[in-house]
2 protein chains.
Amino acid sequence: MLVAPKRDRRAERREATTAEILEAAWELTRSQGLAGLSLRALAEKIGMRPPSLYWYFNSKNAIYDAMFAQGNRQLLARLAEQRWPADAKGILRLSARAFVEFSTEDVQRYQLLFQRTIPGFQPSAEAYALAMQVVDQMRARLAAAGLTEQRAFDMWTALVSGVAAQQIANEPGGDRWLRLIDEMVDIYVDRFTGKQARREKG
Amino acid sequence: MLVAPKRDRRAERREATTAEILEAAWELTRSQGLAGLSLRALAEKIGMRPPSLYWYFNSKNAIYDAMFAQGNRQLLARLAEQRWPADAKGILRLSARAFVEFSTEDVQRYQLLFQRTIPGFQPSAEAYALAMQVVDQMRARLAAAGLTEQRAFDMWTALVSGVAAQQIANEPGGDRWLRLIDEMVDIYVDRFTGKQARREKG
DNA sequence: GTCTATATCCAGATAGAC
DNA sequence: GTCTATCTGGATATAGAC
């Protein structure tokens with residue numbers, strides 16, 4: 001009687017090729033821009049003919065979708081691997097730094113994940129769920145720092161994404177805005193945690 | 001003897017058509033995305049054949065360039081038409097509100113002016129000079145509010161563009177982040193002007 | 001100024017052989 | 001799984017008539 005082997009070598013190989021395609025896609029976007037990605041160039045880069053890509057992805061949008069999901073998984077992993085301190089200010093500093101560094105590392109990934117720059121693209125439900133997980137993680141970090149109100153969270157995301165946006169738009173690869181993170185956290189903390197915040201609430 | 005008439009009707013007509021093309025281009029980008037603009041669709045929208053556009057613009061990039069310049073002129077006009085108050089906090093509030101409202105009004109314009117989303121596009125020297133004027137205006141407003149340091153200016157642009165970015169990315173057309181502007185100005189002012197700032201300096 | 005006709009090239013996607 | 005061949009349609013841009 002035939003038994004299924006423990007390892008599915010075919011599935012493994014398929015996964016490996018899929019990963020290779022995505023890696024090549026990221027590289028191409030870095031040089032051609034996110035919207036400039038073409039299946040021809042992608043196929044050529046990995047030594048395939050364009051139609052062969054369709055064995056792995058049903059459409060170009062499916063590739064964007066996989067990239068979107070992968071980027072969000074990378075960010076989740078990045079957040080998970082941090083050694084989170086216990087104090088509020090430490091948590092906020094690390095949270096901001098991790099996000100801004102992740103964003104500035106790869107402009108195209110930043111645009112795909114956080115901006116609506118590709119005309120037709122909308123992430124699938126599965127990919128979008130990962131993006132929601134990222135938001136939940138951020139919210140959990142802020143809660144760990146004692147901040148639970150929606151208003152405080154919105155202000156926080158504005159501050160952090162502002163630093164990232166300016167760094168990317170005006171000095172990609174530099175650290176002119178990155179260096180402002182600690183001070184930004186200070187002025188945020190002054191307002192939203194500790195004595196002052198309690199005084200305003202009471 | 002022939003004398004040149006005071007009005008150059010031909011030039012006027014050419015200008016009018018140029019303006020019409022640009023207006024149609026903006027409308028198309030709003031529905032198709034910035035990168036999705038095509039000369040075919042643009043020509044059709046104004047009842048022309050595609051080659052006729054080349055009488056007015058040498059290339060597609062020239063159209064993007066004119067749009068870039070126009071957007072910056074619109075922002076300069078917007079800043080100029082404000083009735084600027086005398087007090088620092090009033091100046092900052094109006095400055096932030098004017099910029100964020102301008103940004104959220106038209107997402108494609110925002111992307112063209114403030115983000116590098118089109119693969120090949122780089123503004124011409126003339127158009128770029130207008131973008132510099134915008135920055136100078138912003139800097140002048142901040143100076144009028146008593147803030148002259150580079151670091152304070154960088155922090156300010158991060159805060160303002162963060163509010164705009166979040167509003168556009170997460171709730172286009174809404175005011176969830178717009179409503180945070182006054183509070184954002186408050187926490188900024190607490191840090192960078194008045195007693196506290198002087199104490200930190202001294 | 002606007003047109004027709006055309007050049008040149010590229011895009012994403014499918015059919016079906018092997 | 002990967003290929004060749006092909007479909008269909010799009011793009012920007014130019015030449016030259018009117």
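Chain naming here is simple, since letters A, B, ... match the order of the sequence lines and numbering starts at 1 in each. What you see below is based on every heavy atom in this structure, not just the backbone, and it leaves out hydrogens, waters and symmetry mates.
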*Asks:* Rounded to whole Å, how long is the line connecting atom CG of A/N58 with atom P of C/dA13?
*Replies:*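 Going from CG in A/N58 over to P in C/dA13 covers 9 Å.
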*Asks:* Output the rounded distance in Å from CG (B/L39) to P (D/dT12).
*Replies:*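 B/L39 atom CG is separated from D/dT12 atom P by 4 Å.
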*Asks:* By nearest atom, which of the nucleotides C/dT2, D/dC3, D/dA13 is closest to the A/P51 side chain?
*Replies:*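 My answer, after comparing the listed nucleotides, is D/dC3.
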*Asks:* Can you tell me if the side-chain N/O atoms of B/R14 get under 4.0 Å from OP1 or OP2 in C/dG1?
*Replies:*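 Looking at the OP1 and OP2 atoms of C/dG1, neither is under 4.0 Å from any side-chain N or O of B/R14.
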*Asks:* Once you round it to whole Å, what is the distance between P of C/dT4 and CE of B/M48?
*Replies:*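 In whole Å, C/dT4 P lies 13 Å from B/M48 CE.
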*Asks:* Taking the nucleotide of DNA chain D with the nearest heavy atom to each, does A/R40 or A/S52 sit closer to the 5' end?
*Replies:*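 Counting from the 5' end, the first nearest nucleotide belongs to A/S52.
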*Asks:* In whole Å, what is the span from the CZ atom of A/R9 to the C1' atom of D/dG1?
*Replies:*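 Going from A/R9 (CZ) to D/dG1 (C1'), I get 17 Å.
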*Asks:* Whole angstrom is fine here: how far is it from CG in B/L53 over to P in D/dA11?
*Replies:*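 About 12 Å, once rounded to whole Å.
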*Asks:* Between B/R13 and A/L37, which residue's closest nucleotide on DNA chain C lies nearer the 5′ terminus?
*Replies:*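 Whichever sits nearer the 5' end wins; that is B/R13.
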*Asks:* With a distance cut-off below 6.0 Å to the six-membered ring centre and an angular limit of 45° from the axis, does B/R109 pair with B/W26 as a cation-pi contact?
*Replies:*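 No, B/R109 does not lie over the aromatic ring of B/W26.
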*Asks:* Students often get this wrong, so: under 4.0 angstrom with heavy atoms, is B/I63 touching a base, only sugar-phosphate, or nothing?
*Replies:*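 Here B/I63 touches no strand at all.
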*Asks:* Does D/dA15 have OP1 or OP2 under 4.0 Å away from a side-chain N or O of B/Y54?
*Replies:*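 Checking B/Y54 against D/dA15: no side-chain N or O falls below 4.0 Å of OP1 or OP2.
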*Asks:* To the nearest Å, give me how far apart CZ (A/F121) and P (C/dG12) are.
*Replies:*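 Interatomic distance, CZ of A/F121 to P of C/dG12: 15 Å.
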*Asks:* Mind calculating the distance between CD (B/E44) and P (D/dT12) to the nearest angstrom?
*Replies:*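 From B/E44 CD to D/dT12 P: 14 Å.
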*Asks:* Counting any heavy atom closer than 4.0 Å, what does B/S59 reach on the DNA or RNA strands: base, sugar-phosphate only, or nothing?
*Replies:*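 Sugar-phosphate, no base atom in range.
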*Asks:* So with a 6.0 Å cut-off around CZ of B/F102, is the heavy-atom count from everything else above 12?
*Replies:*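 Yes, enclosed.
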*Asks:* Just how far, in rounded Å, is C1' of C/dG12 from CD1 of A/I118?
*Replies:*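 Between C1' of C/dG12 and CD1 of A/I118: 15 Å.
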*Asks:* Quick one: do A/D8 and A/R13 make a salt bridge, cutoff under 4.0 Å?
*Replies:*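 Not counted as a salt bridge, because no side-chain N and carboxylate O are separated by less than 4.0 Å.
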*Asks:* To the side chain of A/K60, which of D/dT4, C/dC3, C/dG12 is closest?
*Replies:*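 Closest nucleotide among those given: C/dG12.
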*Asks:* As a test of reading the structure: which of D/dG1, C/dA11, C/dA13 is closest to the side chain of A/W55, going by heavy atoms?
*Replies:*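 Minimum distance to the A/W55 side chain belongs to D/dG1.
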*Asks:* What's the closest nucleotide to the side chain of B/Y56 if the choices are D/dC3, C/dG1, C/dA13?
*Replies:*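 Of the options given, the side chain of B/Y56 lies nearest C/dG1.
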*Asks:* Output the single nucleotide from D/dA11, D/dT4, C/dT2 whose closest atom is nearest the side chain of A/R49.
*Replies:*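 Of the candidates, D/dT4 comes closest.
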*Asks:* Is there a donor-acceptor pair closer than 3.5 Å between any side-chain N or O of A/W84 and the backbone N or O of A/L79?
*Replies:*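 At least one qualifying donor-acceptor pair exists.
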*Asks:* Tell me yes or no: between the side chains of A/T157 and B/Q166, is some donor less than 3.5 Å from an acceptor?
*Replies:*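 Distance-only check passes for A/T157 and B/Q166.
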